[in-house]
Number of protein chains: 2
Amino acid sequence: MALSAEKLTNNQQTVLDLLEKSKEPLKAYAILYDTQKKGIKAPLQVYRALDKLIEIGKVHKIESRNSYMACEHKNCNSSTSTSFLICETCDQVSELTQKNLPSYFAKQSEQADFKYAKHNLEIYGVCKDCTK
Amino acid sequence: MALSAEKLTNNQQTVLDLLEKSKEPLKAYAILYDTQKKGIKAPLQVYRALDKLIEIGKVHKIESRNSYMACEHKNCNSSTSTSFLICETCDQVSELTQKNLPSYFAKQSEQADFKYAKHNLEIYGVCKDCTK
DNA sequence: TAAAAAGTGTTATAATATAACATATCAAAT
DNA sequence: ATTTGATATGTTATATTATAACACTTTTTA
């Protein structure tokens with residue numbers, strides 16, 4: 001079955017719903033706390049749901065923050081590369097949608113004799129709302 | 001006193017020496033284990049040394065691996081942006097030295113109404129040695 | 001040389017993530 | 001329809017990564 005058509009289990013859907021409602025990325029134990037009323041009782045249940053959601057591209061991990069966010073793109077089914085814009089003022093994170101980043105990075109990598117496969121880019125700065 | 005001329009303390013020098021000798025990035029508790037003979041006894045001593053070394057730009061953290069490496073550049077005294085090439089085969093990490101990355105990212109960010117300050121880039125792939 | 005700043009050593013604990021194992025669910029292939 | 005294999009679940013325990021708090025020492029600077 002194609003990844004994009006994957007049917008989610010209860011736990012997976014519960015975690016995804018929460019992340020989609022959240023304005024900021026959430027940490028695993030925050031997710032645990034917020035989903036206890038939905039029957040999720042242990043960290044492993046959260047991490048397992050996250051693992052699957054990340055695998056099918058519905059969720060991304062922001063490595064430098066140990067936090068997780070729902071993918072903003074419709075029907076995203078890639079778990080490969082990620083590019084974030086992280087506001088240092090309000091902690092909101094958005095995704096940089098730049099189709100040519102991979103080819104740009106592939107070119108840069110090649111100059112260092114390195115074969116590009118995927119990337120994680122975390123840009124820090126100030127978002128639109130916070131510059132006002 | 002200028003950062004680049006900063007004199008390191010014993011613990012800081014011990015941790016930096018170890019990282020400079022290492023071929024791969026090291027994890028904090030690996031650093032702790034390897035420096036016990038030099039008098040470092042507790043995690044906090046490692047983390048405090050790392051914090052300082054990162055601050056003065058001598059060490060970088062690879063976020064997605066929770067590991068630390070000595071900066072490869074001479075007299076690096078910037079703790080702002082980082083760009084890594086991470087080999088998925090042998091786990092060696094090198095730094096991408098690309099002067100124009102910040103301006104490139106600044107431009108990309110601007111298109112999303114985001115004010116660029118700094119970045120962390122982690123490129124995954126296969127290094128020169130491992131493609132042979 | 002006193003005050004301020006930075007670092008130390010130590011114990012305890014917080015925060016993040018995985019191991020192990022028995023059981024359950026579900027799709028698909030006979 | 002039923003076995004089979006893959007995937008998910010629930011649970012307890014534990015590993016890994018990182019920081020808090022506090023008393024004390026050293027170094028820098030004014």
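Computed from a predicted model, the values in this text were never measured in an experiment. Note: hydrogens, waters and symmetry copies are ignored here, and every other heavy atom, side chains too, is used. The sequence lines fix the lettering, A, B, ..., with proteins before strands; numbering per chain opens at 1.
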Worksheet entry | Rounded distance (Å) that lies between atom C1' of D:dT9 and atom CG of A:N10 | 11 Å
Practice prompt. Look at the side-chain N and O atoms of B:Y47 and state whether any lies under 4.0 Å from the OP1 or OP2 oxygen of D:dA18.
Written response: yes
Item to complete: Using a cut-off of strictly less than 4.0 Å, decide whether B:T9 has a side-chain nitrogen or oxygen near OP1 or OP2 of D:dT26.
Response: no
Item to complete: Count the heavy atoms belonging to other residues, nucleotides or ligands that lie under 6.0 Å from CD of A:E110, then report whether that count exceeds 12.
Response: no
Item to complete: Report the nucleotide, chosen from C:dT11, D:dA18, D:dT11, that has the shortest atom-to-atom distance to any side-chain atom of A:R48.
Response: D:dT11
Practice prompt. Write down the distance between CG (A:L32) and C1' (C:dA14), rounded to a whole number of angstrom.
Written response: 15 Å
Discussion item. Tell me the interatomic distance from B:L44, atom CG, to C:dT13, atom P, rounded to whole angstroms.
Written reply: 14 Å
Worksheet, complete the sentence: Nearest-nucleotide check on DNA chain D, B:A28 vs A:A49; residue mapping nearer the 5' end is A:A49
Discussion item. Parallel, tilted or perpendicular: which one describes the rings of A:Y116 and A:F105, with boundaries at 30° and 60°?
Written reply: tilted
Worksheet item: Given atom CG of B:L8 and atom C1' of C:dT8, what is their separation to the nearest angstrom?
Response: 16 Å
Discussion item. Quick check on D:dA8: is either OP1 or OP2 less than 4.0 Å from any side-chain nitrogen or oxygen of A:K52?
Written reply: yes
Discussion item. Taking the six-membered ring for Trp, are A:Y104 and B:Y104 closer than 6.0 Å centroid to centroid?
Written reply: yes
Worksheet item: Are the side chain of A:E122 and the backbone N or O of B:N120 linked by a donor-acceptor pair below 3.5 Å?
Response: no
Discussion item. For C:dG7 and B:Q12 - does any side-chain N or O of the residue sit under 4.0 Å from the phosphate oxygens OP1/OP2?
Written reply: yes
Discussion item. Does C:dT8 have its OP1 or OP2 closer than 4.0 Å to a side-chain nitrogen or oxygen of B:N11?
Written reply: yes
Item to complete: Establish, with yes or no, whether the OP1 or OP2 oxygen of D:dT17 is under 4.0 angstrom from a side-chain nitrogen or oxygen of B:K61.
Response: no
Worksheet item: Salt bridge or not for B:D91 and B:R65, using N-O below 4.0 Å?
Response: yes
Practice prompt. Calculate the interatomic distance between B:K38 atom NZ and C:dT8 atom P; express it in whole Å.
Written response: 16 Å
Practice prompt. Find the distance B:I40:CD1 to C:dT8:P and express it as a whole number of Å.
Written response: 8 Å
Discussion item. In whole Å, I'd like the distance from the NZ atom of A:K41 to the P atom of D:dA13.
Written reply: 16 Å
Worksheet entry | hbond_proxy B:Y29 side chain to D:dA18 base (donor-acceptor, 3.5 Å cutoff) | yes
Worksheet item: Would you say D:dG10 has OP1 or OP2 under 4.0 Å from some side-chain N or O of A:Q45?
Response: yes
Worksheet item: B:Y33 has an atom OH; how far is it from atom P of D:dT16, in whole Å?
Response: 14 Å
Worksheet item: OP1 or OP2 of D:dA18 sitting under 4.0 Å from any side-chain N/O of B:N66?
Response: yes
